Structure formats: C-alpha cells, structure tokens
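Just so you know, these numbers come straight off a predicted model, no measurement behind them.
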Amino acid sequence: MSPRRTETGGRIDRLRTIRFTFDGARYTGHAGDTLASALLANGVTLFGRSFKYHRPRGLLAAGVEEPNALVTVLRGEVREPNIPATMVEIYDGLVAVSQNRSPSLAWDIGALNQLGGKLLSAGFYYKTFMGPVIGPLKGTRFWMFCEHFIRRAAGLGRAGTAPDTSRYERMNAFCDVLVVGSGPAGLMAAKAAADQGARVILAELEAKFGGSANWSGETIDGASAADWAARIVGQLEGNDNVRLLPRTTVWGYYDGNTMAALERVTDHKEVPAKGEPRQRYWAIRAKTVVLATGSFERPLVFPGNDRPGVMLAHAAERYANEYGVLPGERIALFTNNDSAYRSAVALKKAGAAVVAIVDVRSDVSNEMSRLASQAEAELLAGHAVVATEGGKAVTGLKVRRFELMNGALSGDERSIHADCLLMSGGWSPTIHLASQAGARAIWNPARQAFLPQPTQRWIGAGAFTGSFSTAEAIAEGRAAGIQAAGGSASSAPLPVVEAVPGEPDPAPVFEIKAKGKSFVDFQHDVTAEDVRLAHREGFVSVEHLKRYTTLGMATDQGKNSNVPGLAIMAEALGKPIPEVGTTRFRPPYTAVSIGSLAAERFGDLKPERLTPMHDWHIDNGATVYAAGLWYRPMIYGLAGETVEQAYVREAAATRESAGIVDVSTLGKIAVQGPDAAEFLDRVYTNMFSTLTVGKARYGLMLREDGLAFDDGTTWRLGEQDFLMTTTTANAGKVMQHLEYFLDVIWPELKVTVTSVTDEWAGAAIGGPKARAILAACVKGTAVDNAALPFMGIVHGEIAGVPVMICRLSFSGEMAFEVYSGAGYGMRVWVALIEAGKPFGLVAYGLEALGTMRIEKGHVTGAEIDGRTAARDLHLDWMLSKKKPFIGSAMMDREGLIAPDRLELVGLIALDNRALNGGGHIVEELDAENPHDSIGHITACCYSPALGKYIALALVKGGKGRHGTRAFVSDPLRNRFGPVEIVSNHFYDPDGSRMHG
C-alpha cells in the first residue's frame, strides 16, 4: 500500500487528524473524509468480497450507489452491517470491519466458489437443490439437507444480537416547497422559492450541501463552484422560512406529497451531544415537491471490469477534488461519452499520470481531443478495453480496436500499464422518487437513459430531467423554485458558469463482448452471460429477469446495474430498450433502520397495559403474555403442569362448576347522542335502533368492501346512550373506523364516540353455578332469569361497589359479564372469587377461554382475518334486509358469494394428535409433495368436553363437506394425518346450556 493523499486540494480539514480502525488495522484520516476516502488515501484498494464468487472488490463509486465497499460499523457490542464505506463519515474511535469473507479480506476461503464456474450461474439455486428423483435425499429432503449450509452462506454482513441502546426520534414537518437534492439545481430551487416567501425544506443526503458543485472544479460567478454553493447555503441559513436538513435521505414518496426521510443526526459523532438522537425519521407533507436528485454514472460491461482499481470516472474525480485523494498513480480511462475527459483533466491537475483515454467512438470531437492533450493522455479513439490484469488490484489493461456500429473487435490486443482504470458508460437520472410517485420511465434515445414522465405531483430540475450541464441545472432549478412557490418568472440574470465543454449524449454501447467474465451487478456477481442465460431459459420480463438473476436486488438496488442489464436483455430479445422497459422503483430509496421507524414507540416509552387485576393474577400463579399492548393471563398453572394440562383443567372445571376470566381488555366505546341508534344501524349489519333499554345485542361490522371487520356486543344503557364492546385487538381500529364515518361521511349525525376501555374493569363468570355465585354477592338487584334474561342488563353492587351486569356468553355456558369502575376492579374481582369458593370457582386464562370458544364455534380475529365475509362465517343471518349499512353495497359481489369460497368448519383429529394453527387441509395426503390445499386451520385445542383434539378451519365449500374426511398437511412441523370435517358448533349446538 502506498499513501495517495495529494499534498494540497480537497475540502477536508487537514489540520484535524482522525484515528479509526478497519479490520483491526489502525489508520488516520482528516475531518471531512468518508471511510472510503480515508482508506483510499492510506493506499487501501481491497474493500470487500462479492456475494456469490467472493471475488475481491474495490471502490466503484463515491456515494450512496456504492455496491462493493460494504462494511459493518461497530459501536461496542452493537453491529450495523451493509453500510457503504462511501457514506460513513469518519470520527475518532470509529471501528469498521469488512464483510463476507473468512478468515480475512485478503485471504478468503469463499473465493473457491469461483471454481464453480457455470454451476453457479443464474438461477443455480433453483436448479441445484431440487434433489434426486430416487434415493434417501429425494424430493425436498435434499433441500432440507442443504438448507443449513445455504443459510450460513446467505447475506453479506452479519447482524448483531446486542440490543441497540441508541435513541431515535420521529418528526412531522409541513412546508410549501420541499426540495430534494442540493446540487446547483436544488440550491437555486430552494433560494428561488424562499425569495418568494414560501416555507422551504431543503434535504440533502450528503453531509455537505452543494452536490456536484463540491467536486466539479467549475467556476460559477467568478468563484469556485464549491464556494458559490457555500455562499448560497449561507443565504438560505439566514432565512427564517427555510429549514436545511443535511445527512437526510428522502427515501419514500407517498400520497398527498407526503415524503418519508431519514436524518442521520449523530452517526458521524463519537459521542452524541446531550439529548441528540442517533437518527430522526421525518414525515414531510409538502404542497409542492422539487426533485433535483441528480444522476448516477453507469459502469461499462467488459471482462475484468470488477477488479479492484476499476472505478467510475466521476467517483475518481470526486475523490481528487473533494477529498484530496488519488485513486491511482497511473490512470487510464474507458468511456463512451465526453464526461470522462473532464475527469481526466481534473486528475491530471491533482497530480496523477493519465496514461490513456480509451473511447469506443472513433469520431471524437476536437474539443475532447484538446482535453486529452491537456491531460497528457494518449487518446485511443475507436478502441475498447477487453480485459484487465492483476490480482487484488489492477496492474494493467488490454485494448483492441472497436467498431461502434456492430460492436466487433479487431486487431491485436495492446497492453497498457496502469494501476487504476476509470470507466464512464453514460448517466442515469435518479428517478426513484418520481417512480414511487407513479411517473413512468420514458427512454430517451439521445441520453441513452430513462427520464421521468412529467406529472403534476412534482417539478423536476437538473440532471434528474436529463439536463446534465451546470448552467442548465441552475436555470431549471430557479424556474422550478419559482413555479413551486407560485411566483412569476424572474428577469434577474442567472449565475455565469465556466465549465469544461462536452456533450452529454453517450454512444449506445453498454457491453464489450470479449472472453472472460463481464459483470453487470457487482455485488451479486451477475454477469452479462447470466442475463443472456435468463433470456434463453424464458425469463423475458424485466421483473422475472431481476428475480431469476438477482440483478438489482443488492443493497444498491440496481443503481449501477439496471440500465446495462436491461440493454443486454434487450439485445438478446432483439427489441429496443423501451420495449423491454424497466422495473418500478419502490421505497425505500436506500436502507432505513428499523429503529428510526419505531422511534419513540420503542423501549421504555412503549406502554405495557395492565388490567386492574394484574397483581392478583401474578400472585396466584398466572403465566402472562402480551396480547397486543395488554398483558393477560395465559394459564394459572399448578406445579408440574404443562400448558395443555392447565387449560384443559381450567376449561373442564368451568363447564362442571364455574370459572372467572378477566375481560377488562375488551374495547369499550361510549356511543351517545340523539342519532346514536341510527349511527349503529349504519355501522352494524343488524338492527340496533329496535334494541330496548337494558338489553344487549351481538353485532357484526363489515368493511366498506363487504368483508368482515369486527364483532362484539353493544349494550343500550339509555335512549341515547350505548356501550359498544369490541375485540381486544381491534379496539383502536374500530374507534378510528367510527370517527372516520362520523367526521367524513356522516358529519350531520349528532353522535359522539368516546373510548372508555380504561374506565371499566370487567370479569366474565360462567358455568352451571355462575348464577348462584352472583346471587351470593350481588346486592340491589336480583339475578334470576326473570330479572336477568339472556342479553339482559342489571345494575347492583358487589362489596359496596356499583356494578353493571350483562348476561351474555362467549364460552357456551350460562355466563355474565360484570363491569365496575377500573379503580374498583380488584375489589370486585376478589369479592367474586370469595363468593365462588364454596361452588368450586376457578380462574382461567386465555388458553381455556380460547378452548371454550372453539368448542362453541365462536369466531375471533383468527377467522375475521380481513379475507372472510359474513357468509363464510355462517353469520349471514345477521345481514339485515331492511336497511343499508357499511359494506352492504359490496357484500354481494361475485367473488364474495362464489360457491368455492372458504367457509368455517370444525375439524376432529382422527389420529388423536394435536393440530397446529396454519396447517393446511387437503383431500389427498402426499407428504413428499404437499399440494392442492382446500383450506387451513385457524384455531385448535384439546377439547375436554369432547375428549379429542379439535380445530376451527376455513375450507372450500365447507358446509357441504360436513361428515366427510380430509387430511391435515403441515410440512413445516411434519404433521400429517386424517381429520373429520364437522360443524363448527362442537358443543351445545342448540344453546340450551347458554340460555338455561
């Protein structure tokens, strides 16, 4: 390794030395360096290993598009893998390690994969692990054998297991104009909009504002472009109506100009300042968005183009001009366009020897010839690079004559000694956000690139629109800013730009066909031959090409490889590139930490909701688990009991005598007002306006699309006063549902809805002796059948506490729900427990609750899963024909009444073995090749009432299959066996026990 830091130049602070380590070796850099630039300055050329072949990889780019130099950053025990070294700002104490290598980056045993040759070509994983037709490893067994080794080899960086102690924040922001990107176009757009008085947010993913101005070497208004950019940024900082967000990646474009952004607040600091988060997630809602996101330079595809030392030309120019680092001492360039000539001149000025410029075009303009002479480089027009030489670094390259019209090579190979090869294959505008917003990608034959189709959702400027010169970018930026702010065109003169001449249009050359591996996707080792193989095997869609070859599925998401890959596929198909098309870009634009998405909702700020009786549950041996945000008892296990034994005992005791369960977590919503009854008629599928005061009714809600949404009971406490109960999991969703329809659809209704879930403590007591237990402790009201019929409501007292009691059942037994104020919940609960001791009352948890509801055939969220309709669940008797309701217009759609829909049934295991939720139901059992599912299990248990393992399931044509046999097929848990399909009402189908 030899140091490559230039003696002068760059925009780093040479007076500040920063110490860091990479792969255990100590290095130094300067403030303003990235990890990539600092290592390059120290002579490091080997940064990583590729995914499949473990080929040595060096730097390709200088920004977020870097596919090769991925590192893991360590902060104590916390690991963050797969970060481009180009995006890591160095700080004192930074510790980074390379990835995907063993035992070391220099000597990686995984490099033996290169001997695999065609065995590891595109789609090898589909073909290799299918298994033999016969023998002990036939069918899927061979895959199961290989899976362990495949999982160990999968991925690049290794995820950590230590908890992330960093703090994250979420922010909401509103603005008139959001400008994404702060190159010359973005800066001019922000300034123009701010000058119009608009509220502006300027987001830049790099640490410094200015984009290409920081390294282009151009002059703007007599000053260096970098100084001009700094002056504009200073003016923006002084405006109260401007917010500047450096180190902020806008990664998602959503409806209503809502943009998702990630700000890296302290990733570049050794120790955050007090109160600073590590990262901040921004939800930005903008009236108008200006996209000035620039463009990416494309690599060329030729043999040996992946060797360390082969780099994009603009990246080398940036390292020299912004960081004061030379990528090599003897540099050659390979290009199909004019922009590489500017890079050659810049590198010559920085002190490098530019030995040759290889241009596929035989007709090079006089201006480019003059620039080649200025760089003191030999110009090889009408030539192409056909190979590179070297091991873990470039030592030379080979060129041959090239015919632009047909791509033919001729003449003898010529060797050129160089330790760095720069390539430039044209430029691809960064249209990702526009694509997310719905814009089509339109092929521009002159630019040889996809440009975004203009829409009314955003305004584009600069290289994003295919305008690659700085002068054009400044003009478009100012026009975009004025338009976004609703102003009129300005007559003020534009800044004057002095730049190296050059035309933006490249020659239509993407690949040089010569002997050797030519890489398209550097990270996933996708070669040009892999793309052609995909074509030969019938994968002609770009989406299929992507998934079959893994082209563009790397961490860079095809920022470098997409267009060359599409061009090679188009040639194989014999079609023009526009007909082949491109993939649709989806968020996120770059990787987003899960911690930032969770932000304040993670860790000690996450609420843990405990019922008023929680302490009693713990003191009495309950095993609790999280049910949503609530902690609820699972079982009250005795010493030595399994979970199954515990819930079977609790359920059996409830059916024999009585049981009590904490139901405080049920959603409870007060629906009040003159139009409350009318509102409920519209919300529920059945009538509630006819419900008398002092009675409750079971209700079903549908979504607007006609599918089941939630069920529960609603109690009429007064003429204009209802108490709605919902499932625990859906309480918040139902509340949002009600508020939406009141606020948006029916604002004329005089109704208020209030969440009162936390105001009430609830206990459900059921079983043959439940009424006797209540009679022993309730004062102020009778609880006999006359006073408290099924679905009746009474008010009384227990232990001096006012209570409200409704007779309803979820278990199939005679049961009552007792509600009291939350603050008195424990007192009422203990009084019920004491009153029940002479009767053998037991407390039971969610497992027994689920067992009894399965035996009875009641549905919950497992069956109301967002795909089922009322008829599927045999709840069509609740669909009123006298009134419209939410979902009534859509519930009779052809697809929702099709005869082959999944319907609710019961299952009995005929082999007396436990069933598993999610297991599939099949008509013919084939354990070696599971297929033809006719449904799946939604809930299962051992039934103490039946003495069998039973389940609820959704099965095609379910009711018509009652009394028939089928099989459970659950290959993941190796559970296969016969079942009988029966009614979902296993227990007390006529309701005599419940109504008794």
Side-chain angles (χ1 to χ4, degrees), residues 34 36 47-48 50-51 57-70 82-88 156 180-181 183 204-206 211-212 249-253 262 291-301 305-306 310-315 318 339 423-436 439 441 443 447-452 462-464 466 468 506 510 519-526 531 542-543 545-546 549-569 577 581-592:
T34 64
F47 281 77
S50 63
F51 171 68
R57 291 284 193 257
L59 287 171
L60 179 73
V64 71
E65 72 274 27
E66 172 59 42
N68 294 336
L70 301 183
N82 297 330
I83 307 177
T86 53
M87 298 302 293
V88 177
L156 291 166
V180 185
E204 167 58 50
L205 64 82
E206 299 278 1
S212 63
T249 304
V250 179
W251 57 261
Y253 200 137
L262 179 68
L291 296 178
T293 49
S295 59
F296 292 124
E297 190 172 28
R298 295 193 296 259
L300 288 162
V301 180
N305 64 338
D306 68 320
V310 180
M311 186 184 297
L312 293 171
H314 95 282
R318 180 175 179 184
S339 66
M423 54 183 171
S424 179
W427 296 80
S428 294
T430 310
I431 65 172
H432 298 64
L433 291 176
S435 179
Q436 292 176 24
W443 181 254
R447 296 290 190 266
Q448 289 290 292
F450 286 99
L451 303 184
F464 166 83
F468 294 131
F510 297 91
F519 287 88
V520 183
D521 187 311
F522 293 86
Q523 191 177 118
H524 273 188
D525 282 330
V526 180
V531 176
V542 292
E543 296 292 352
L545 167 68
K546 175 179 179 179
T549 64
T550 69
L551 174 69
M553 294 178 68
T555 60
D556 67 305
Q557 285 292 290
K559 294 179 176 65
N560 302 288
S561 59
N562 263 2
V563 172
L566 295 174
I568 295 170
M569 174 58 88
I577 292 176
T582 184
T583 55
R584 172 81 176 267
F585 295 109
R586 294 166 293 188
Y589 169 67
T590 59
V592 178

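Under the rule for a side chain to side chain contact (heavy atoms under 4.5 Å, CB included), the partners of Thr430 that lie at least two apart in sequence or sit in another chain are Thr293, Phe296, His432, Tyr589. Every residue meeting the side chain to side chain contact (heavy atoms under 4.5 Å, CB included) condition with Val542, not counting sequence neighbours, appears here in chain and number order: Leu566, Val580, Thr583. Residues meeting the side chain to side chain donor-acceptor pair (under 3.5 Å) test with Thr34, sequence neighbours left out: Ser37. Applying the salt bridge (charged side-chain N to carboxylate O under 4.0 Å, His left out) criterion to Arg298, with sequence neighbours excluded, gives no partner residue. In terms of the salt bridge (charged side-chain N to carboxylate O under 4.0 Å, His left out) criterion, residue partners of Asp525 (sequence neighbours excluded) are, by chain and number, Arg57. With sequence neighbours left out, the side chain to side chain contact (heavy atoms under 4.5 Å, CB included) criterion links Glu297 to Leu312, Ala313, His314, Ser339, Ser424, Trp427.
For Arg584, the CZ atom is densely surrounded, since the number of other residues' heavy atoms within 6.0 Å is greater than 12.
Listed for the Asn305 side chain is a donor-acceptor partner under 3.5 Å among the backbone atoms of Phe519.
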Trace of the side chain to side chain donor-acceptor pair (under 3.5 Å) decision for Gln523 with Thr555: CA-CA 8 Å; Gln523 191 177 118; Thr555 60; 2.8 Å; yes

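Summarising the geometry, atom OG1 belonging to Thr590 is positioned 11.5 Å from atom CD1 belonging to Ile83; distances are rounded to the nearest 0.5 Å. Going from atom OG1 of Thr86 over to atom CZ of Arg318 covers 8.0 Å, rounded to the nearest 0.5 Å. Rounding to the nearest 0.5 angstrom, the gap separating the CG atom in Asp556 from the CG atom in Leu60 is 9.0 Å. How far CZ of Phe510 is from CG of Leu300: 9.5 Å, rounded to the nearest 0.5 Å. Atom OG in Ser428 sits 10.0 Å away from atom CD in Gln448 (nearest 0.5 Å). The structure places CD of Glu65 at 9.0 Å from CE of Met87, a figure rounded to the nearest 0.5 Å.
In plain terms, the two heavy atoms of Ala449 and Pro429 that are nearest each other are CB-CD, 3.7 Å. Pro588 approaches Val592 most closely through the heavy-atom pair CB-CG2, 3.6 Å. The shortest non-hydrogen separation linking Ser561 to Asp521 is OG-OD2, 3.6 Å. Phe450 and Val563 get closest at one heavy-atom pair: CD1-CG2, 4.3 Å. Of all non-hydrogen atoms in Gly565 and Val531, the two that sit nearest each other are O-CG1, 3.8 Å. Residues Asn68 and Phe522 come closest through the heavy atom pair OD1-CB, 3.3 Å.
At a threshold of 4.5 Å between non-hydrogen side-chain atoms, the residues Val180 and Tyr253 do not count as touching. Using a 4.5 Å heavy-atom cutoff, the side chains of Asn562 and Phe585 are in contact. Here the side chains of Phe464 and Ser295 are not in contact, with every heavy-atom distance at 4.5 Å or above. Looking at Leu451 and Ile431, their side chains never come closer than 4.5 Å, going by heavy atoms from C-beta outward.
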